[in-house]
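Since the structure comes first, as structure tokens, the remarks are kept for the end.
Every value quoted in this text rests on a predicted model; they were computed, and no experiment measured them. Reckoned from all heavy atoms, side chains included, excluding hydrogens, waters and symmetry mates.
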Number of protein chains: 2
Amino acid sequence: MKQRLAAIGTVETLPHRVAAFMSREIESGELSPGARLPTEQELSEKFGVSRNVVREAIAQLRADGMIEARQGIGAFVLAPQQRASIRIDREALKDTNNMERLFELRCILEAESAALAAARRSQEHLDAIKTALDRMGGEERWEDGSIDADLLFHREIARATGNSYIHTFISFVCEQIRQSIHYARLTNPLHDLVEVNVGEHVRIYEALVAGDPAAAEAAMRAHIIGAANRVGVRLPLARGERADGGR
Amino acid sequence: MKQRLAAIGTVETLPHRVAAFMSREIESGELSPGARLPTEQELSEKFGVSRNVVREAIAQLRADGMIEARQGIGAFVLAPQQRASIRIDREALKDTNNMERLFELRCILEAESAALAAARRSQEHLDAIKTALDRMGGEERWEDGSIDADLLFHREIARATGNSYIHTFISFVCEQIRQSIHYARLTNPLHDLVEVNVGEHVRIYEALVAGDPAAAEAAMRAHIIGAANRVGVRLPLARGERADGGR
DNA sequence: TCTAATGAAGTTGTAGGATGATATGTATAT
DNA sequence: ATATACATATCATCCTACAACTTCATTAGA
């Protein structure tokens, strides 16, 4: 677990800093889509680094689909819709409002995925889910190991949908939330709520075993709303049940 | 529009190929999390490229959170959960099965988001959505401009949820599907189905205007299932309604 | 003997220059 | 006027060298 901390706090390398700077320039609109970037040599002079560093920075931005380089011409800013990847800024995770949004997104993804998983799960899937569930309940306190098991439980359900994209997306969102909580925590321990948490998981698992999509979806929705509450995020109802009709 | 074609067909650069190779090695498990990568020199010999190219490749993998490099020690494979980004392989988009999975994911995301949008949309949101809708209907054929308007319509709805993450995710998935269709198409034109498509969009819009979450969700779900069918993907029911109880 | 300082070797990080490949515009020759 | 050849600009790749950092063995000293 310390390793992970160290990984997060990795020192900023020069290419990374250059890439971050250029990335901000693009995000902020100073460099609009279609615009041509300065040449590598100009950039290396501007930032006071070698051309090598500039190229590594550009390699990152290129991998993200943020810019496109054409030999003999130059590098150009691409439209946001052409991005090849989704990345969430670490800094933004510290904002509670963003955590609320993340939970909302997670609820949308996982609730319906739970229904899919209930309809499609194989015995092998159920076993994997059960294993994670047991590991979670095994810990008497809400420790890191328990959190890992919790995430694994959710990832295994996502895997049971048979849709690798769903698995990827849910894994990603959950991991973002984990890190977000990691920042926010340290002040409010929530150990005594373990039984509640485990109980919610058991209900999800039972619905999956029963192969009842509607029950699985409902249980998952209740769980995520509960989990959000437990970390101090009041989830503003993610379903149409609200039906206040806008205004 | 030709530009985008050119962008997609960009030649594979050497660092990109090396990064793709190493990425596959990691994904496939040949290099498990925690394992140390060969030194840059060894890699440059293995691939027959300069150390510079290897470094650019590593820069990409590092940006993705796939590996971590420590000066004086080496580079190490990180656990999948520590990935900092989601990326979808372009090659995978050509597989029809993957397109089916993408549509399923999209359905999950957009259906519920439509409900959220119906409950939260402001007049400004509605105007933006209406503008996109008009632009879509303006074209008498199903051309690229119309597709752009279509995507914009969906993105504006996502924006109306007030949740930037939802907007980001939906934009991303839609764009992936667009490119996926781009590959698969050229053989089966689907121009004559425009009215159907526009009609579905109108129903969604009307539900948003009425501020009716349930109706918006249903309309969106019907639309995406329809859109999938129109490109030859039979969506295997994304809701619990199936309720076949597993097996 | 044990401890601490020293130093050598290995690895990533950065710098700088040289050459190849590609696109663009210009000048020349037919 | 058109087409070819050339010059230029830019990215792509390669090469060498050195700096910064880590690890481990060696050695000096108590």
Side-chain angles (χ1 to χ4, degrees), chain A residues 2-3 5-22 25-26 31 34-78 82 84, chain B residues 2-23 25-26 31 34-78:
Chain A
K2 288 93 188 177
Q3 290 177 18
L5 266 294
I8 291 178
T10 297
V11 287
E12 277 196 347
T13 178
L14 268 183
H16 182 266
R17 269 158 62 183
V18 171
F21 190 93
M22 294 173 66
E25 273 187 330
I26 293 174
L31 289 170
R36 207 195 106 180
L37 271 66
T39 69
E40 293 177 354
Q41 193 163 20
E42 285 169 343
L43 287 173
S44 81
E45 289 167 5
K46 172 182 174 183
F47 292 112
V49 298
S50 78
R51 206 182 132 228
N52 247 331
V53 170
V54 171
R55 279 195 62 81
E56 282 190 36
I58 288 180
Q60 295 179 216
L61 298 181
R62 231 152 59 133
D64 286 350
M66 212 176 263
I67 68 175
E68 172 196 33
R70 305 228 291 255
Q71 187 169 346
I73 310 180
F76 301 85
V77 180
L78 290 179
Q82 297 177 262
Chain B
K2 288 93 188 176
Q3 292 175 17
R4 193 165 292 135
L5 267 293
I8 291 178
T10 296
V11 286
E12 275 196 349
T13 178
L14 226 32
H16 181 265
R17 269 158 61 181
V18 172
F21 189 94
M22 294 174 67
S23 174
E25 272 187 330
I26 293 175
L31 289 170
R36 208 194 108 179
L37 271 65
T39 69
E40 293 177 354
Q41 193 165 19
E42 285 169 342
L43 287 172
S44 80
E45 288 167 6
K46 171 180 174 185
F47 292 113
V49 299
S50 77
R51 198 183 143 217
N52 235 324
V53 169
V54 171
R55 280 194 62 82
E56 282 190 36
I58 288 181
Q60 294 178 216
L61 298 181
R62 234 154 55 136
D64 286 350
M66 212 175 265
I67 68 176
E68 173 195 30
R70 304 226 290 258
Q71 186 170 350
I73 309 180
F76 301 85
V77 179
L78 291 179

| Candidate nucleotides C:dT12, D:dT10, D:dT22, ranked by approach to the side chain of A:T39 - the nearest | D:dT10

| message | Without decimals, in angstroms, what is the distance between B:E45 CD and C:dT11 C1'? | response | 14 Å

| query | When you measure from the side chain of B:V53, which nucleotide among D:dT13, D:dC11, C:dT14 comes out closest? | reply | D:dT13

| B:E25 atom CD, neighbour heavy-atom count above 12 within 6.0 Å | yes

| request: Indicate whether OP1 or OP2 belonging to C:dA15 is found under 4.0 Å from a side-chain N or O atom of A:S50. | output: yes

| request: May I ask you to verify whether the side chain of A:N52 and the base of C:dG13 hold a donor-acceptor pair under 3.5 Å? | output: no

| request: Keeping the roles fixed (side chain from A:E42, backbone from A:T39), state whether a donor-acceptor pair exists under 3.5 Å. | output: yes

| request: Count the heavy atoms of every other residue, nucleotide or ligand shown that sit under 6.0 Å from CZ of A:R36, and state whether that count exceeds 12. | output: yes

| request: Report yes if the side chains of A:P15 and A:Q60 come closer than 4.5 Å at any heavy-atom pair, otherwise no. | output: yes

| Taking atom C1' of C:dG10 as reference, at what distance in whole Å does atom CG of B:L37 sit? | 16 Å

| said: Does anything in residues 39-67 of chain B form a ring-ring contact (aromatic ring centres under 6.0 Å, His included)? List the pairs, not counting sequence neighbours. | reply: B:F21-B:F47

| task | Grab the CD1-C1' distance between A:I73 and C:dG25 for me, whole Å please. | result | 13 Å

| Is the base of C:dA23 touched by the side chain of A:Q71 through a donor-acceptor pair closer than 3.5 angstrom? | no

| query | Can you check the A:Q41 CD to C:dA15 P distance for me, whole Å? | reply | 14 Å

| With a 4.5 Å limit on heavy-atom distance, are the side chains of A:R62 and A:E68 in contact? | no

| request: Starting at atom CD1 of A:I58, determine the distance to atom P of D:dC11, rounded to an integer number of angstrom. | output: 7 Å

| task | Calculate the interatomic distance between A:E40 atom CD and C:dG16 atom P; express it in whole Å. | result | 15 Å

| query | Would you say the side chain of B:R70 and the base of C:dG13 hold a donor-acceptor pair, judged only by whether the two atoms sit under 3.5 Å apart? | reply | no

| said: Output the rounded distance in Å from CD (A:E68) to P (D:dA12). | reply: 10 Å

| message | If you compare every side-chain N and O of B:R51 against the phosphate oxygens of C:dG13 (OP1, OP2), does one of them come in below 4.0 Å? | response | no

| So, is A:R55 near the phosphate of D:dA12, with a side-chain N or O under 4.0 Å from OP1 or OP2? | yes

| request: Stems involving DNA chain D: give each as a range paired with a range, ordered by first number, where a stem means at least three consecutive Watson-Crick or G-U wobble pairs under 3.5 Å. | output: C:1-30 with D:1-30

| Under-4.0 Å side-chain N/O to phosphate OP1/OP2 contact, A:T13 with C:dT14 | yes

| said: Are the side chains of A:L61 and A:M22 in contact, using a 4.5 Å heavy-atom criterion? | reply: yes

| Rounded distance (Å) that lies between atom C1' of D:dC11 and atom CZ of A:R62 | 9 Å

